[in-house]
Amino acid sequence: MLLAENEREAISALLQYLENRSDVDFFSNGPLRALSTLVYSENIDLQRSAALAFAEITEKDVREVNRDVLEPILILLQSTDSEVQRAACGALGNLAVNTENKILIVEMGGLEPLIRQMMSTNIEVQCNAVGCITNLATQDDNKSKIAKSGALIPLTKLAKSKDIRVQRNATGALLNMTHSGENRQELVNAGAVPILVSLLSNDDADVQYYCTTALSNIAVDELNRKKLAITEPKLVGQLVNLMDSPSPRVQCQATLALRNLASDSGYQVEIVRAGGLPHLVQLLTCNHQPLVLAAVACIRNISIHPLNEALIIEAGFLKPLVGLLDYTDLEEIQCHAVSTLRNLAASSEKNRTALLAAGAVDKCKELVLKVPLSVQLEISACFAILALADDLKPKLYESHIIDVLIPLTFSENGEVCGNSAAALANLCSRVSNEHKQYILNNWSEPDEGIFGFLIRFLQSESATFEHIALWTILQLLESNNLEINSLIKENESILTGIKNLSASQQVQSQSQINQQDDQFDDPKVELFNLTQQILQILG
């Protein structure tokens, strides 16, 4: 075709600009006008030249641009020529690295032509179009627009492409769509889940990573987990195998996916049956912190199921879990480790004995007063569970656990304070003559000891804390130990506290009785009854 005068001038100017490209801003004034002239030409060779120039320029100069720059590139996307499509998609994908550009491209209607190019028969066009969508999908505002644009079905199809570049871009785009519940649902509806599961056995580590991460995000939602349990029977086995992947990031995401699945009891059992425990216990001792965190979070969920407790202990988890309590640079690891130990101690004397032998109680006692609040919460809850077990009490006395429980009852956090007080109260229950000395030794120390704890809780004006104090006093009295009983009977502060509570609760509970019939559910009535039991014993 013969060139028009303005086209010849644009080519000449563009050649000059390209010779001095380091000093030229191609996104404004003369250079942009020259490129736009070629874009709007009917000459396909000039359109190709413009598209290639945009692709080359944007590869080296990525920054925020305006509508004047994006418009000619979007015009090129309308072309039926595969060379123009490939280069235009590439240029747009380059610019879509910039956050502001991502938003503007979608606002200007860039999704529709990109979706058409994704369905091209040309692999290069597919690859660049999907790559651009992947970049656009990293911007939060774009994700729902992409999910509703019709892009998910072609993306799902391209995830099965024989070209590894297309596969990577497509699975990467699908992953980017899994960061909100609404978009995850769109993805599930588009039939992406079976494709993602099938690609877990892909040889490419990038594809494996994108698919495991996407499935991990999908498994956050309870309804999705239920669907996965019905439709994907091989999922757990494949994820367990990937915990042994040579790629640490694939290992990590596979473990996190199992952690999310293990929010449901059925999966907690299935992961163990699929051979997950040997992999997890090994990961707890690796040197990669994100992997350690993923593994301990996973075993924490698995340990919730009673059927798994003995199996976890037999698999050798106790020592590594106790070792993780020293992970002072990441409190989340410490929290999950303590929470797992607490779950394991909940049901069986054998488990609790094993826990003690592994040094869990000593380590928790050593750390509890100096760890962050989140870890303190978990440790105090663990102490409360352990103190419920009569078989463990002698060992807890001997570990001098009361020395840390009393300071913990001063915590400003109500949960730490309550857990520690509950543990202390349980240790004061049914005190034998053999172990009475531990109570006597801690009666006034540390920090005013058990006596100080009782006075503070009696005067707390919190029904829960008042109840703990009264129940503790009742347990101490019912132990029928003369020395302990005399400490209570001869202490005017404690007696006054009990009498004051009795009087105030009597007035309040009587008022409650007059107002309604279900007074037996009222805590005031329970507190009054406790004070009467204590006063009766005291005579």
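It should be emphasised that the depicted structure is a prediction, and the values quoted were computed from it without experimental measurement.
One N or O on the side chain of N413 and one on the backbone of E415 form a donor-acceptor pair closer than 3.5 Å. Put simply, the side chain of Q253 never gets that close to the backbone of T212: no donor and acceptor are under 3.5 Å apart. Using modelled atom types, one side-chain atom of Q268 and one backbone atom of A262 make a donor-acceptor pair closer than 3.5 Å. Under the 3.5 Å distance criterion, the side-chain polar atoms of R225 are matched with a main-chain donor or acceptor of A219. Looking only at distances, a side-chain donor or acceptor of N142 sits under 3.5 Å from a matching main-chain atom of L136. Side-chain N or O atoms of R168 include none that pairs as donor or acceptor with a backbone N or O of V207 at under 3.5 Å. The backbone N or O of N101 lies less than 3.5 Å from a partner atom in the side chain of N98, making a donor-acceptor pair. No donor-acceptor distance shorter than 3.5 angstrom exists from the side chain of Q334 to the backbone of L324, with no hydrogens or angles considered. A donor-acceptor contact shorter than 3.5 Å links the side chain of S420 to the backbone of V416. Looking only at distances, no side-chain donor or acceptor of E64 sits under 3.5 Å from a matching main-chain atom of E100.
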Take E222 and S263 through the side-chain hydrogen bond (donor to acceptor under 3.5 Å, both in side chains) test and state the conclusion after the steps. CA-CA 8 Å; E222 184 180 358; S263 300; over 6 Å; no
What verdict does the side-chain hydrogen bond (donor to acceptor under 3.5 Å, both in side chains) test give for N485 and N480, after you've listed the backbone C-alpha separation in whole Å, the side-chain angles of each residue and the deciding distance to 0.1 Å? CA-CA 7 Å; N485 284 13; N480 292 321; 4.8 Å; no
Dump the intermediate steps for side chain to side chain contact (heavy atoms under 4.5 Å, CB included) on T409 and F465, then the final yes or no. CA-CA 10 Å; T409 63; F465 286 180; over 6 Å; no
Side chain to side chain contact (heavy atoms under 4.5 Å, CB included) between L280 and I312: does it pass, once the steps are laid out? CA-CA 10 Å; L280 286 169; I312 290 170; over 6 Å; no
Residue pair L325, C364: steps toward the side chain to side chain contact (heavy atoms under 4.5 Å, CB included) verdict: CA-CA 8 Å; L325 298 180; C364 286; 3.9 Å; yes
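Considering CG of L174 and CG of L152, their distance stands at 7.0 Å, rounded to 0.5 Å. Atom-to-atom distance recorded for C252:SG and L293:CG is 7.5 Å, nearest 0.5 angstrom. For the atom pair CG of N308 and CD of E314, the computed distance is 11.5 Å after rounding to the nearest 0.5 Å. Separation of atoms CD1 (I385) and OG (S380) is listed at 11.0 Å; rounding is to 0.5 Å. Note: F453 CZ to L408 CG = 12.0 Å, rounded to the nearest 0.5 Å. Note that the OG atom of S479 and the NE2 atom of H435 stand 12.5 Å from one another [nearest 0.5 Å].
A salt bridge does not link D391 with K350: none of the charged nitrogens is closer than 4.0 Å to a carboxylate oxygen. Between K148 and E182, at least one side-chain N (NZ, or NE/NH1/NH2) sits under 4.0 Å from a carboxylate O, which counts as a salt bridge. A salt bridge does not link K365 to D403: none of the charged nitrogens lies less than 4.0 Å from a carboxylate oxygen. In this structure, D140 pairs ionically with K143, as a charged nitrogen and a carboxylate oxygen lie closer than 4.0 Å.
One side chain, Q475 or S429, offers a donor N or O that lies under 3.5 Å from an acceptor on the other. Using a 3.5 Å distance cut-off with no hydrogens or angles, the side chains of Q251 and S245 do not pair a donor with an acceptor. Defined by atom type and a distance below 3.5 Å, a donor-acceptor pair is missing between the side-chain atoms of Q282 and D244. For the residue pair T340 and R300, no side-chain donor N or O sits within less than 3.5 Å of a side-chain acceptor on the partner. Inspection of the T138 and N176 side chains reveals no N or O donor paired with an N or O acceptor under 3.5 Å.
Put simply, the side chain of S247 does not reach to within 4.5 Å of the side chain of Q208, judged on heavy atoms. Annotation: side chain of E526 is in contact with side chain of H467 (closest heavy-atom distance under 4.5 Å). In this structure, the side chains of T472 and F457 stay at 4.5 Å or more apart for every pair of heavy atoms.
F410 carries R456 over the face of its six-membered ring, with the cationic atom under 6.0 Å from the centre and within 45° of the normal.
Relative orientation of the Y438 and Y397 rings is parallel, given thresholds of 30° and 60° on the angle between their planes.
Within 6.0 Å of NZ on K436 lie more than 12 heavy atoms contributed by other residues, nucleotides or ligands.
Across L495, N491, T496, a single residue satisfies side chain to side chain contact (heavy atoms under 4.5 Å, CB included) together with S493, and that is N491.
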